[in-house]
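Position 1 is the first residue of the sequence, and the numbers go up from there. Owing to the predicted nature of the structure, the values given are computational and were not obtained by experimental measurement. Heavy-atom basis, side chains included; hydrogens, waters and symmetry copies ignored.
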Amino acid sequence: MSWKDKLRQVEPYVAGEQPKLENMIKLNTNENPYGPSEHVKTVLNSIDTDHIRLYPNSDADELRHALAVYHGLDDDQVFLGNGSDEVLALSFLTFFNGDDPVLFPNISYSFYPVYCDLFKMSYRQVLLNEDFTININDFHQSNSGIIFPNPNAPTGLLLSLDAIEQILKNNQDSMVIVDEAYIDFGGQTCVSLIRKFENLIVIQTFSKSRSFAGARLGVALGNKEAIAHLYDVKNSFNSYPIDYITQQIALASVLDSQDMKEKCQRIIRTRERVKVQLKDLGFIVPDSYANFVFVSHPQIDGQQLFLALRKAGIIVRHWQQPLIDQYLRITIGTDEQMDRLIAFISQYLKEQGAVTK
């Protein structure tokens, strides 16, 4: 027997491509096309580098308090991690330890089954309806926990607060995690339900709406006891997940949240315009509430269009996965970027003889 026989074998999550192409339009990883607040830039320019030699505040107390105020919660209802992926992983370890399977949609964030495989957890993928909507009654079954994104990824569809509340009521013996990575782009957060349901954890990220994809900060919100257990697990893994610089610039972002909201509104206006334009070109466009659209064309193969866009320097996301292999997920960029996307697709459809309105 060799050391290779003792390895943990996993099939890893495949992140969105980070290509190095000249003059490309990068619309594949849902990054915000508008930078963070000017206050963030000011703080970065005034960072005292002497602090970098010291360990940061282990729980980012000042930032934690600012987020508690922002969400109308107490400080000990807020958890911080190194990106929402770390928060999700630690949440799986903390809350999903029963004998029954973890439940999540079959078309959802593809990291969920990776976590389950990594942590040796059984899971069951709950089938979405043909229109990609969630049937909440399908989550009324034995489980060790439930997780789903809202809005869902990659579909962008939104579940109402009433529907989420029904899932919580039907599963009061399990933790329900609502992954709100895209909630600032048109949805209504379910943070208000935390005071009604002890079995709710809400996870958010700074990567999307706050333009922090390169800084890594994730947040979990919930009841005090659940958050305390999450910190116990975190401190058994990494006592200092949030570095000093990220703590300082994230605090600046929270204190200037109006800037984030205004930029989200710009993205929403662009998204709604692009949805209409794509529909006019014959695309099937589910009603996205995220900073992306999820589209297919009945006359054009999904991978064929993906490769044509890539050849033109427009990078979008495509999965070779049953049920969604004809769909592309397109991040909403600037108006100029989206105009170039629409212009290319329009010309491409004409060249392919695809009928448009």
Identify, with sequence neighbours excluded, every residue that meets ring pair (Phe, Tyr, Trp, His ring centres under 6.0 Å) alongside Tyr231. Phe79
Sequence neighbours left out, what passes side-chain hydrogen bond (donor to acceptor under 3.5 Å, both in side chains) with Glu38? Give chain and number order. Lys41
If you look only at pairs with a residue in residues 174-193, which of them pass as a ring-ring contact (aromatic ring centres under 6.0 Å, His included), with sequence neighbours excluded? Tyr182-Phe292
Less than 3.5 Å apart, which donor and acceptor atoms pair up between the side chains of residues 98-111 and the rest of the protein, not counting sequence neighbours?
{"unit_1": "Asn106", "atom_1": "OD1", "unit_2": "Leu128", "atom_2": "N", "d": "2.8"}
{"unit_1": "Tyr109", "atom_1": "OH", "unit_2": "Asp85", "atom_2": "OD1", "d": "2.6"}
{"unit_1": "Tyr109", "atom_1": "OH", "unit_2": "Asp85", "atom_2": "OD2", "d": "3.4"}

Pairing residues for Ser257 by the side-chain hydrogen bond (donor to acceptor under 3.5 Å, both in side chains) criterion, not counting sequence neighbours: Arg210
Can you name the residues that form a side-chain hydrogen bond (donor to acceptor under 3.5 Å, both in side chains) with Gln320, not counting sequence neighbours? Gln303
The criterion is ring pair (Phe, Tyr, Trp, His ring centres under 6.0 Å); which residues satisfy it with Phe197, sequence neighbours excluded? none
Sequence neighbours excluded, the answer for ring pair (Phe, Tyr, Trp, His ring centres under 6.0 Å) partners of His318 is Phe306
Identify, with sequence neighbours excluded, every residue that meets side-chain hydrogen bond (donor to acceptor under 3.5 Å, both in side chains) alongside Arg195. none
Using the ring pair (Phe, Tyr, Trp, His ring centres under 6.0 Å) criterion, which residues pair with Phe206? Sequence neighbours excluded. Phe212
Sequence neighbours excluded - ring-ring contact (aromatic ring centres under 6.0 Å, His included) pairs with any residue from residues 244-282: His51-Tyr244
Results of side chain to side chain contact (heavy atoms under 4.5 Å, CB included) for Lys26 - residues two or more places apart only: Gln18, Pro19, Met24, Asn28, Thr29, Glu31
